[in-house]
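Throughout, a chain's letter reflects where its sequence line sits, starting with A, and its residues are numbered from 1.
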Protein chains: 2
Amino acid sequence: MPLYYQLAQQLEAAIERGRLAPGSLLGNEIELAGRLGLSRPTVRQAIQSLVDKGLLVRRRGVGTQVVHSQVKRPLELSSLYDDLEAAGQRPATRVLRHTVRPATAEVAAALGVAEGADVLLLERLRYAHDEPMAYLRNHLPAGLVDCASADLEATGLYRLMRAGGTTLHSARQSVGARRATGEEAVLLGEETGAPLLTMERVTFDDTGRAVEFGSHVYRASRYSFEFQLLVRP
Amino acid sequence: MPLYYQLAQQLEAAIERGRLAPGSLLGNEIELAGRLGLSRPTVRQAIQSLVDKGLLVRRRGVGTQVVHSQVKRPLELSSLYDDLEAAGQRPATRVLRHTVRPATAEVAAALGVAEGADVLLLERLRYAHDEPMAYLRNHLPAGLVDCASADLEATGLYRLMRAGGTTLHSARQSVGARRATGEEAVLLGEETGAPLLTMERVTFDDTGRAVEFGSHVYRASRYSFEFQLLVRP
DNA sequence: GAGTGGTCTAGACCACTGT
DNA sequence: CAGTGGTCTAGACCACTCA
């Protein structure tokens, strides 16, 4: 483990345990470096990573302070399955469709493949505590992941993609709302016309290639997106 | 302007204008530093800032590459007014309410003030192209901003807060959906029961103090949230 | 084995803040 | 004015990738 990373973790732990009180000054960087036997750039790198996380604030001429509020995680590219599991919601998945078919114009444009090229279509119903939660439709370039329906019932798609060697890098998301169609209402146990949260997402790997196009609907009565934003300096 | 910042801007411009093609290698850092007459840490700092923005990818043993996809801005703490203005949507605001009142329990909890303490209540209708777009309800600790209704009609709240010396730092948001009430439907020009996007937000300044609690609804037929996510390394 | 980025050091000067 | 973080330099060694 790099030294700056170890130091960042120690500081983060000290903040979380309240050993560094909110608003308290961290002590100046040079003295801190000397006390720890590190160089100042190394100490700065550790502090900077916590500033990026929103745990610390630096002010020139003043010092480095612990932020007052309890900052949670900023928005990440997260997996619904993992989020539900972390929240103790007993996630489960029913795979409704799992086939290869030619890309429509919309899917081809989103994934950056030729129209008519083979794409994997996944349709899944995601449950939490045995209640339907979301209806997930995903399109993936053919051959990217090699998974059985059984895998998809046991875990999330992102985890399968990572396990298959795909390095997820970024995603472009759009969140909106609309009324449920009759079919969606039946699947999700809502009334026709009930409000649904919609999320469209194109995910890219670290070479910039689109690796997934998702078009999902969530029961607005049981789901909302929560996230933390940081202001870019 | 710092040297690393200037270099980052030059590189970013070269990427956006296509002078650095997607997938192309940037050249190794030491040679680049020598060519530019800068030290390697300075060059690294410039490159790192673009990696953080998602424009570049580094691979040890390989080099630094331009990402293939067109990456737009990641999600920031943004102002609806500024977003609309940037999109050429002719934003306008009608102030419906602008009063000081005692904090309810919910507002007090969100802002971290005592129940019954004075808070500023703002209710605004936000238009784009003369069409109603969103109904905005904000609560602010009293005395934080000193603004006339005229100011609020001409610009966004965040810009007023910044102008008043408040340094925005982070926000906790929750996005969901629900049906429009009769009153909301009238204000927004929708039918009762139409789907609305909802957003609740608590904004913090750089000392961690809550400076704004917003509870907003958007016409789902005319608005969605779009944003870019990056995977944390 | 050659070349890359990842980490780290030991200094230096500057800009800003508060007293 | 003293003290802080912001920037910058000129080196060094290491871990990883790929031919």
Would a 4.5 Å heavy-atom cut-off, applied to side chains only, mark A:Met161 and A:Leu140 as touching? yes
Look only at the side chain of B:Glu212 and the backbone of B:Asn138, and say whether a donor-acceptor pair between them is shorter than 3.5 Å. no
Measure the spacing between CZ of A:Arg126 and CZ of A:Arg124 and express it to the nearest 0.5 Å. 5.0 Å
Donor-acceptor check, side chain of A:Gln65 to backbone of A:Gly23, threshold 3.5 angstrom: yes or no? yes
Would you please classify the geometry between the A:Tyr223 ring and the A:Tyr218 ring as parallel, tilted or perpendicular, with 30° and 60° separating the classes? parallel
Going by salt bridge (charged side-chain N to carboxylate O under 4.0 Å, His left out), name the residues that satisfy it together with A:Asp82, two or more places apart in sequence or in a different chain. A:Arg159
Residues that B:Ser79 engages under side chain to side chain donor-acceptor pair (under 3.5 Å), provided they are two or more places apart: none
Under 3.5 Å donor-acceptor, B:Tyr81 side chain and B:Ala154 backbone: yes
Between atom CG in A:Asn28 and atom P in D:dA2, what is the gap in whole Å? 16 Å
Just the endpoints, please: which first and last nucleotides of DNA chain C, 5' to 3', lie under 4.0 Å from a heavy atom of chain B? C:dG3 to C:dT7
Look up atom CG in A:Asp205 and atom OG1 in A:Thr167, then write down how far apart they are to the nearest 0.5 Å. 7.0 Å
Sorted by number, the residues of residues 33-48 of chain B with heavy-atom contact under 4.0 Å to DNA chain C: B:Arg40, B:Arg44
For B:Gln45, the side chain to side chain donor-acceptor pair (under 3.5 Å) test, sequence neighbours excluded, returns none
What contact category does B:Leu3 fall into here, base, sugar-phosphate, or nothing, at under 4.0 angstrom with non-hydrogen atoms? sugar-phosphate
Using atom names, set out every protein N or O paired with an N or O of nucleotides 17-19 of chain D below 3.5 Å, distance rounded to 0.1 Å.
{"from": "D:dT17", "atom 1": "O4'", "to": "B:Arg60", "atom 2": "O", "distance (Å)": "3.4"}

